[in-house]
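Side-chain atoms are counted along with the backbone in the values below, which use heavy atoms only and exclude waters and symmetry mates. Just follow the structure's listing: the first ligand is 1, and inside any ligand the first atom is 1.
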Amino acid sequence: MPVEGEPVSEAADAIELVLRSPRVVTPQGERPADVAVAGGRIAAVLPYGTEPPPGARLVDLGTDALLPGLVDTHVHVNDPGRSEWEGFETATRAAAAGGVTTLIDMPLNSIPPTTTTAHLEVKRAAARGRIHTDVGFWGGAVPGNAKDLRPLHEAGVFGFKCFLLPSGVEEFPQLGPFELEEAMRGIARFDGLLIVHAEDSRLIEGAPQPSGPAYAGFLASRPRAAENAAVEALIALARRLDCRVHVLHLSSAEALPLIAAARRDGVRLTAETCPHYLTLTAEEVPDGATQFKCCPPIREAGNQEALWQGLLDGTLDCVVSDHSPSTVDLKHFDTGDFGAAWGGISSLQLGLPAIWTEARRRGATLVDVVRWMARGPARLAGLTTKGAVAPGHDADFAVLAPDESFTVDPAALHHRNQVTAYAGRTLQGVVRSTWLRGERIAEHGTPTDPSGRLITRENA
Ligand SMILES: [Zn+2]
């Protein structure tokens, strides 16, 4: 086992790079340190100012902080098939510019969806040679593909996403109650992971239908009760079938006590939320502003306060983007109709400063932000060499100027479609550079050549 402060023995004489910062964010806390890199991995975390070994390149980061590269386990790349919405090249350029070094692609909105091993190969072929960050894949659990889950697991997907209500695209249908249980039994057999869009279909059907430009109408169409009921039902199933379950994009803070209680009982349950639920509120969404539409929705300020509490007390494990763009026309800005507009918020390039801005206002630290946006997601995906500045981990870094601020200019985003709910906001924290396996993949918001790799679940 590599020991912090001690060089990894076989790599000790091959240190090629040393990054020096007064604020290195390690799992043990933030401190001044020199981080030595050998063979694309972190060889040692040494005292600040250590004389670099002969031949090693020293990069002094001045006052900037050195964080592990972020791991974003919730990204809709939509490629191939809807690559006009996003694509592997544009998504990973945006990720690199935003300090993200690993992303895991959701199985839907691309055509084909990632529901068979043949489809997985199509997706890998579309990504190969075009990615600026490491990229892995979630599989999908849909009606009729129960027999495909184990082969997908063995082919290296990180887990399986399912919906309990219509997903928004016809080629990725929801699971009914019987199919959900069948999928969970199958996944439990190989100790896989089910990740779930948790909104109850009957409660959504019974809610007022969204239409027109009033945000209040849209909010009423996706009540908290639908999330709470779905989470409660999932907990019961996870408990009975002993299947690992992860709740995606939690918006209703009322579900937090259910999640915390289940975990205390030993149910293998994790949960994430997203930057938009933690930084934007229903009260400030202008009518017709469909760039704020997502499902579940951005809720009221009081709900947001409770979500932050759930994050700070550890009930929520990660903060990931749920980057889910579309073309501009599908947002229907001409009518501002929340019923007709595509639901999905683009924030892949902005998650770190968005969260840091709010976190620091609340007295949280970079150590917290790293736990939510790097270490937590890496743990969810079982990536043991990602998400931490620690010996033996990949030399993936985000260099952040934590005290600088900038105003979000959509034209500076590398997303294929530059629609964003954050336009015009002033955010704290400028990503200065991003590193993957000891190589710079972006500097001052500009990505270099694509050098990312396709990754698979460990032990696949
Ligand atoms: Zn999503």
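- Among all heavy-atom pairs drawn from N303 and R224, the shortest one is OD1-NH1, 3.8 Å.
- Protein atoms that are N, O or S and lie under 2.8 Å from the Zn ion (ligand 1) are these: H74 NE2, H76 NE2, D322 OD1.
- Here R222 pairs with E199 under the side-chain hydrogen bond (donor to acceptor under 3.5 Å, both in side chains) rule; sequence neighbours left out.
- Every salt bridge (Lys or Arg N to Asp or Glu O under 4.0 Å) that E284 has, sequence neighbours left out, goes to R425.
- Contacts of R263 classified as salt bridge (Lys or Arg N to Asp or Glu O under 4.0 Å), with partners at least two apart in sequence or in another chain: D317.
- Judged by distance alone, with hydrogens and angles left aside, the side-chain atoms of N145 form a donor-acceptor pair with the main-chain N or O of G140 at under 3.5 Å.
- Taking the centre of each ring, W372 and W308 come in below the 6.0 Å mark.
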